[in-house]
Protein chains: 4
Amino acid sequence: MISDPNSERRSERARRAILDAAFDLVNRKGFAKLTIEAIAAQAGVGKPTIYRWWRSKGAVVLEAMREELGDDFRFPDTGDIAADLATQITAVSQRLVTGRISEAYKGVMGEAQNDPELMKAFRETILEPSIAECRARLESAVAAGQLRSDVPTDVMVDLFYAPIHYRHFLGFGEDAVRRSAELVQDVLLGLRPRPEAE
Amino acid sequence: MISDPNSERRSERARRAILDAAFDLVNRKGFAKLTIEAIAAQAGVGKPTIYRWWRSKGAVVLEAMREELGDDFRFPDTGDIAADLATQITAVSQRLVTGRISEAYKGVMGEAQNDPELMKAFRETILEPSIAECRARLESAVAAGQLRSDVPTDVMVDLFYAPIHYRHFLGFGEDAVRRSAELVQDVLLGLRPRPEAE
Amino acid sequence: MISDPNSERRSERARRAILDAAFDLVNRKGFAKLTIEAIAAQAGVGKPTIYRWWRSKGAVVLEAMREELGDDFRFPDTGDIAADLATQITAVSQRLVTGRISEAYKGVMGEAQNDPELMKAFRETILEPSIAECRARLESAVAAGQLRSDVPTDVMVDLFYAPIHYRHFLGFGEDAVRRSAELVQDVLLGLRPRPEAE
Amino acid sequence: MISDPNSERRSERARRAILDAAFDLVNRKGFAKLTIEAIAAQAGVGKPTIYRWWRSKGAVVLEAMREELGDDFRFPDTGDIAADLATQITAVSQRLVTGRISEAYKGVMGEAQNDPELMKAFRETILEPSIAECRARLESAVAAGQLRSDVPTDVMVDLFYAPIHYRHFLGFGEDAVRRSAELVQDVLLGLRPRPEAE
DNA sequence: TCCTAAACGAGACGGTACGTCTAGTCTTGCT
DNA sequence: AGCAAGACTAGACGTACCGTCTCGTTTAGGA
């Protein structure tokens, strides 16, 4: 009769040690060579303690990444949507390819391709909040007449974010990913309000 | 004096049996639960025969996928670049989300995130030929005055293909992936020649 | 910090299952066809559990044999050394050629020829206790004037036990081994006190 | 319809290379780590050539040993049976524990414990010729009145040879084996003709 | 002297078992 | 009671050899 461990008895010390160990190891060894045993050993924790609170190493790393990332998905708003998009995409590309998060991200996303639950968790905790921020900014740009109003903002989000993730996942290399922000301008051209659409 | 086994002695029978078994198993069990032992067993082949010719299960599945795909990456050419892009993106989305290849593709790409050699092999055998075809078509559209000449065609390829892969890899669901062709038109708007840019 | 598994945490259930399976299999399949995998499978135990506690299949079988043998190496003492030796050698020959132990013994001794550690373990746990018992009996026979006092008792032990093992190891066949007890009398003749050694 | 390879077509070059390689390897690596593949590689020979002419690595090593030994099992005959036995046992002990043959012998005998065919071959090619020589010498000693005539000579052979093999196979160490010749005298005492047994 | 059948070298093959690694579960004190 | 520790069952890993089976290529005897 194993109750689920919804307890407040949970040890914060253990939780922190596990996330720190996971994050350290994924950066030093790479996601593929990361093992739950190694996390437990480095965290000074028993394996069951990990399994009690997480489903898989992907879930641990996802949470570690989330904490490392902070919960600030703020989108800049200078009034100039083109500049703000460039700023944001540049920031994201730096996170993905050079930042502390990059190894963990690559690992989690690879794993998530074959683990729907992990994908769901990723979307809920990271992707969707970030998309929501972007949409809000795009809405305000539409309202300001800087973007077409006949294209749904969630489609616009896809168009702006797609190239950077595409290049990242399909192995285009760090330079290409970093230069993704340049593409924003070409996409924007198609999303500007039609000059004199009669 | 251990030579690599580059021999003409290789058994075509074994090769076929392995690729067939791998492809069957990846579809029935999923990539994550696929094991080299199971491939060997189903193919009626010894494990060393697999390790002799492939580095990992990812490499086997990649090759199986490649064979299943055929080597035809032809891009349609009706003269109307918008229609051709829509046709092609639709075809790709069907391959990725509903086709025989979809499970294998997801598995290989997930694996490749953490296996640079596999990523390299994927790019060389599948991605780059397909990109080359697309670029050739775009060049002819540029020449025909249907597209801007001041945006490199390889950047255009990225813009057109990015949304579909972005939605696929970030878990947007089958419907979203399938509707990616619709985005082509919005991207195209930004890539049309400037009306009469003075 | 990998400690050797010297723990009291060891599962007695697993230990018994492994020894029982090993003993059963060595008798049914023969030592040469015995595998650690088969022992693990029949014992319902993981292979690492075996490797954690034993160095080789020889070591497992040695321990199984030891347990089967019991730790009673008692030597009979009726006061008549000739009779006692005959009794004991007969008993040993029955153990070696017809007893439950015979297959295991042959296997372990064959293996031990090429595995000094196994040989050492065999000598310490089985051979030396048994020799010690024999020597003690011979000492008392010397004291009783039934044997020469100028031949070291450990040499006598060798002389009495040698023929049976010699015949066993050099493949003289079951009958010859069983009749080894008869040779005791001829050896004894040389070890009786000299009649009129002046 | 596979004919056995009873041919005179056999390559003497290959045979020699195999036996030499086997003998070299068994001495350098030990019998346990000897493999047929390694023999084939070192001999510059295909594996099937070995399997065509021998059943197992034990059989190869046995033959290599036999050749190394030469076919001279002569027993010395000075007229003094005690001296001759001591000479012979000393010679055998040197062969077993220090000679070129020792590693091969230990390996073959260990293997033979679990391989009756190998044991049979060993007995026929090495043991029995050697025993026959010894018996012949003992017969002449009996005829000369140096040994009792009421003990069968094959039993005597066992008594003389047993200690050395016993010590060798049961791991008594090189010194003990080498000193086995000393025991001959004690055994002899029991086999001398009874002074005047009325 | 050539022919031809075999033995030969080479090495890929289907297999088996190896010994290791990691997963995920269960057990045993300790705090 | 939850924890650390770690032994447990389970099973895949990648490797080493096994013994068999083609392949051409010598090579040696009989025609």
Side-chain angles (χ1 to χ4, degrees), chain A residues 2-3 5 7-11 13-14 17 33-38 40-41 43-52 55-57, chain B residues 1-3 5 7-11 13-15 17 33-41 43-53 55-57, chain C residues 1-3 5 7-11 13-15 17 33-38 40-41 43-53 55-57, chain D residues 2-3 5-15 17 33-41 43-53 55-57:
Chain A
I2 289 158
S3 58
S7 175
E8 293 81 14
R9 311 271 313 261
R10 180 171 187 182
S11 157
R13 194 193 66 67
K33 295 195 176 170
L34 178 67
T35 68
I36 291 207
E37 287 207 333
V45 142
K47 278 196 290 176
T49 304
I50 299 183
Y51 284 107
R52 186 148 38 229
R55 291 179 42 257
S56 65
K57 71 172 177 175
Chain B
M1 190 97 30
I2 289 159
S3 57
S7 179
E8 296 80 16
R9 311 276 302 277
R10 181 169 188 185
S11 157
R13 191 193 66 65
R15 181 176 163 281
K33 295 197 176 169
L34 178 66
T35 67
I36 290 207
E37 288 210 332
I39 297 173
V45 141
K47 277 196 291 176
T49 301
I50 298 183
Y51 285 107
R52 186 150 36 230
W53 304 106
R55 289 179 45 257
S56 65
K57 71 173 177 174
Chain C
M1 189 95 28
I2 290 158
S3 57
S7 176
E8 298 81 15
R9 312 279 300 278
R10 182 171 188 181
S11 157
R13 192 193 64 66
R15 181 174 164 282
K33 295 196 175 169
L34 178 67
T35 68
I36 291 206
E37 288 210 331
V45 139
K47 278 195 289 176
T49 301
I50 299 183
Y51 285 107
R52 185 150 37 231
W53 304 106
R55 290 180 46 258
S56 65
K57 69 172 178 176
Chain D
I2 288 159
S3 57
N6 287 37
S7 176
E8 297 81 14
R9 312 278 302 274
R10 181 170 187 183
S11 158
E12 176 58 19
R13 191 193 66 66
R15 181 174 164 282
K33 294 195 176 169
L34 179 66
T35 68
I36 290 206
E37 287 208 333
I39 297 173
V45 141
K47 279 196 289 176
T49 302
I50 299 183
Y51 285 108
R52 184 146 42 226
W53 303 107
R55 290 179 46 257
S56 65
K57 70 172 176 175

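As the structure is a prediction and not an experimental result, all values here were calculated from the model. To find a chain, count down the sequence lines: A is the first, B the second, and so on, and within it residues start at 1.
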Please write out the pairs of protein N or O atoms and N or O atoms of nucleotides 16-18 of chain E separated by less than 3.5 Å, giving the distance to one decimal.
unit_1, atom_1, unit_2, atom_2, d
dC18(E), OP1, Ile36(C), N, 3.0
dC18(E), OP2, Ile36(C), N, 3.2
dC18(E), OP2, Glu37(C), N, 3.0

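The side chain of Thr49(C) places an N or O atom within less than 4.0 Å of a non-bridging phosphate oxygen (OP1 or OP2) of dT9(F).
Ile39(D) has its CD1 atom 13 Å from the C1' atom of dC18(F), to the nearest Å. Atom pair Trp53(C):CH2 and dG19(E):P shows a separation of 19 Å (rounding to whole Å applied). For the pair Arg52(D) CZ and dC21(F) P, the interatomic distance rounds to 13 Å; values are reported in whole Å. Computed from coordinates, the Glu8(B) CD to dC13(E) P distance equals 12 Å when rounded to whole Å. Rounded to an integer number of Å, the gap from Arg13(D) CZ to dC8(E) P is 9 Å.
Residues Ala17(A) and Ala43(A) share a closest heavy-atom pair of O-CB, 3.5 Å. Across Ala40(B) and Gly46(B), no two heavy atoms sit closer than the pair CB-C, 4.2 Å. Across Ile50(A) and Val45(A), no two heavy atoms sit closer than the pair CG1-CG1, 4.1 Å. Nearest heavy-atom pair across Thr49(A) and Ala14(A) is CG2-CB, 4.4 Å. A pairwise comparison of heavy atoms in Lys57(D) and Leu34(D) identifies NZ-O, 3.0 Å as the closest pair.
Residue-level contact check: Arg10(B) touches the backbone only, with heavy atoms under 4.0 Å from sugar-phosphate atoms and none from bases. Arg55(D) comes within 4.0 angstrom of no nucleic acid atom, judged by non-hydrogen atoms across all strands.
Lys47(D) is linked by a side-chain hydrogen bond (donor to acceptor under 3.5 Å, both in side chains) to Glu37(D), counting only residues two or more places apart in sequence or in another chain.
In the set dA7(E), dT9(F), dG6(F), dG6(F) carries the atom at the smallest distance from any side-chain atom of Arg9(C). The listed nucleotides are dC13(E), dA7(F), dC8(E); the one nearest the side chain of Ala14(D) is dC8(E).
Comparing Ser11(D) and Arg15(B) by the nucleotide of DNA chain E whose heavy atom lies nearest to each, the residue mapping closer to the 5' end is Ser11(D).
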For the pair Arg15(D) and Trp53(D), evaluate side-chain contact (heavy atoms from CB on, under 4.5 Å) and give the outcome as yes or no after the intermediate values.
-> CA-CA 9 Å; Arg15(D) 181 174 164 282; Trp53(D) 303 107; over 6 Å; no

